[in-house]
Number of protein chains: 2
Amino acid sequence: MTEENPEEPAAAPRRRGRPSRKAASEGPDARTRILEAARTEFAERGYDKTSIRGIAKAARVDAALVHHYFGTKDEVFAAAVEVTFEPALVIPTVLGGPPEGLGERLARFFLSVWEDPGTRTPLLAILRSAVTHEAAADVLRDFVLRRLLERVAAELDVPDPTLRAELAASHMLGIAMLRYVVRAEPLASADPEDIVAMVAPTLQRYLAES
Amino acid sequence: MTEENPEEPAAAPRRRGRPSRKAASEGPDARTRILEAARTEFAERGYDKTSIRGIAKAARVDAALVHHYFGTKDEVFAAAVEVTFEPALVIPTVLGGPPEGLGERLARFFLSVWEDPGTRTPLLAILRSAVTHEAAADVLRDFVLRRLLERVAAELDVPDPTLRAELAASHMLGIAMLRYVVRAEPLASADPEDIVAMVAPTLQRYLAES
DNA sequence: GTCTATATCGTGATAGAC
DNA sequence: GTCTATCACGATATAGAC
């Protein structure tokens with residue numbers, strides 16, 4: 001993991017003549033590269049172990065440039081995990097439709113979000129960091145949980161809707177931990193649809209059954 | 001008396017005259033104090049943010065003494081979370097008794113372990129560290145999960161027993177995350193028995209129902 | 001046994017040259 | 001805009017005095 005970078009498209013064959021001025025800055029511009037590098041670094045290492053220098057190296061820029069664009073490390077993190085993640089998006093997808101399919105729709109939506117690397121990376125960054133970094137824990141509590149749970153809970157016709165919604169969330173969080181963070185078998189290699197089939201009835205009971 | 005409580009940084013009033021040689025070594029001996037301090041430090045801050053100096057300060061000893069007794073930081077961590085946690089203990093308690101009460105016994109056992117600070121602290125240390133520190137993740141995978149799950153799974157009379165046992169574990173892990181690590185409401189303040197009542201049927205379904 | 005002193009390194013952040 | 005140079009700090013770990 002020294003020089004090669006995932007973004008670099010297929011090691012172009014060695015060109016002759018004078019090197020292009022853009023040789024070291026192919027692909028997206030520096031700002032975007034920094035943001036992407038920050039996301040994957042925070043996702044893989046968590047907040048504490050991620051360094052500005054490490055982000056800079058992954059983005060193939062100078063460390064000072066990271067500060068120049070984003071300021072402090074906290075601000076880099078905030079920018080990296082700032083999720084458009086509009087919670088409204090989940091409402092029609094999951095809550096719409098027949099109530100008896102709620103658990104299955106939620107389980108499938110949850111897994112699809114985590115199976116897609118594009119959406120998984122910032123979530124991993126938040127999860128890996130929330131355990132020790134208070135600002136990340138705030139993001140998890142206030143955005144991922146509160147804004148989402150209170151909307152879901154508002155639609156439920158059960159006693160203790162917020163507690164039930166949170167228990168459902170705790171199960172999904174635990175699955176994310178074991179499957180994507182700790183990578184414990186057999187869950188880490190299980191077929192997503194098998195997980196959906198097993199988990200859906202649980203979510204259904206929490207959210208729709210009294 | 002909490003005179004040697006690590007949370008209270010030695011609030012002893014400033015004494016006059018020549019310091020007693022024992023002033024800094026009241027209570028348990030240094031080795032025990034270091035171990036206890038290490039447990040709470042790792043539990044509260046996670047592996048990365050915990051420093052040998054911090055442990056030494058909490059234990060009111062010199063930092064070099066920590067190295068002298070336990071070696072490197074990794075070895076301090078291993079000693080701190082080395083859980084006697086005999087998995088055999090859980091077998092009769094939980095698996096014994098009528099099968100239809102399995103979920104409830106497991107839920108109650110799980111919460112009792114986490115509600116007791118004595119058993120919670122090393123588990124918190126493992127959980128907070130496993131997210132970023134590979135050695136801690138190994139402990140979580142190999143000891144807390146594998147040794148426990150494979151015994152439980154061996155007793156189950158359902159298809160996919162290990163996957164089902166792990167799904168049950170994922171739910172409990174998620175509850176531990178939200179209640180004890182992230183402290184998200186309303187789960188963080190919920191009555192343990194209410195949680196048992198809600199979660200028991202879920203565990204029951206995973207472990208005993210086909 | 002305990003602690004002082006230190007070697008060595010990596011961190012976040014800033015100032016300022018080009 | 002980009003990068004060099006540097007500051008101030010705290011980390012692990014060790015050598016060795018008493």
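Naming convention: chains lettered A, B, ... in sequence-line order (proteins, then strands); numbering from 1 in each chain. Predicted model, so just to flag it, every value in this text is computed and none were measured.
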Review point. Step by step, would you call B/His171 with A/Tyr206 a ring-ring contact (aromatic ring centres under 6.0 Å, His included)?
Key: CA-CA 13 Å; B/His171 194 182; A/Tyr206 281 138; 5.6 Å; yes
If I take atom [atom1] in residue [X] and atom [atom2] in nucleotide [N], what distance separates them, rounded to the nearest angstrom?
X	N	atom1	atom2	answer
A/Asp48	C/dG10	CG	C1'	14 Å
B/Ile52	C/dC3	CD1	P	16 Å
A/Ile55	C/dT11	CD1	C1'	13 Å
B/Lys57	C/dC3	NZ	P	15 Å
B/Asp29	C/dT2	CG	C1'	14 Å

Could you list the protein-to-nucleotides 6-10 of chain D atom pairs, N/O on both sides, closer than 3.5 Å?
none

**Study point:** Within residues 62-74 of chain B, residues whose heavy atoms come under 4.0 Å of DNA chain C
**Key:**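 Going residue by residue through residues 62-74 of chain B, the ones with a heavy atom under 4.0 Å of DNA chain C turn out to be B/Asp62, B/Ala64, B/Leu65, B/His68, B/Tyr69.
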**Study point:** Non-neighbouring partners of B/Thr93 that pass side chain to side chain contact (heavy atoms under 4.5 Å, CB included), sequence neighbours left out
**Key:**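 Side chain to side chain contact (heavy atoms under 4.5 Å, CB included) check on B/Thr93 returns B/Phe109.
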Practice item. Applying side chain to side chain contact (heavy atoms under 4.5 Å, CB included), name anything that partners B/Arg105, two or more places apart in sequence or on another chain. Key: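 In terms of side chain to side chain contact (heavy atoms under 4.5 Å, CB included), with neighbours along the sequence ignored, B/Arg105 is linked to B/Pro98, B/Leu102.
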Review point. Can you tell me if A/Thr32 and A/Glu36 form a side-chain donor-acceptor pair at under 3.5 Å?
Key: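 Per modelled atom types, A/Thr32 and A/Glu36 side chains form no pair under 3.5 Å.
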Review point. Are a donor atom and an acceptor atom from the side chains of B/Asp62 and B/His68 found within less than 3.5 Å of each other?
Key: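 No pair is found: no donor N or O on one side chain lies under 3.5 Å from an acceptor on the other.
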Check your understanding: Is the shortest distance from a Lys or Arg side-chain nitrogen in A/Arg39 or A/Glu82 to a carboxylate oxygen in the other one below 4.0 Å?
Key ->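 Between A/Glu82 and A/Arg39 there is no salt bridge, as every charged N stays at least 4.0 Å from the carboxylate O atoms.
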Check your understanding: Does a side-chain N-to-carboxylate-O contact under 4.0 Å join A/Arg179 and A/Glu115?
Key ->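 A/Glu115 and A/Arg179: salt-bridged.
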Which donor-acceptor pairs under 3.5 Å do side chains of residues 192-200 of chain B form with protein atoms, sequence neighbours excluded?
from	atom 1	to	atom 2	distance (Å)
B/Glu193	OE1	B/Arg108	NH2	2.8
B/Glu193	OE2	B/Arg108	NE	3.1
B/Glu193	OE2	B/Arg108	NH2	3.4

Exercise for review: Please name the pair of heavy atoms, one in B/Lys49 and one in B/Arg45, separated by the smallest distance, quoted to 0.1 Å.
Suggested key: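 Taking every non-hydrogen atom into account, CB-O, 3.6 Å.
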Exercise for review: Write down the atom of B/Ala168, the atom of B/Leu207, and the distance for their closest heavy-atom approach.
Suggested key: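 Answer, listing the atom of B/Ala168 first, then B/Leu207: CB-CD2, 4.2 Å.
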Review point. Is the cationic atom of B/Lys73 (NZ for Lys, CZ for Arg) positioned less than 6.0 Å from the six-membered ring centroid of B/Tyr47 and within 45 degrees of its normal?
Key: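 Yes, B/Lys73 and B/Tyr47 form such a contact.
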Check your understanding: For the helix from C/dG1-D/dC18 to C/dC18-D/dG1, how many degrees between its two end axes (five pairs per end), to the nearest 10°?
Key ->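 End-to-end axis angle for the helix from C/dG1-D/dC18 to C/dC18-D/dG1: 10°, rounded to 10°.
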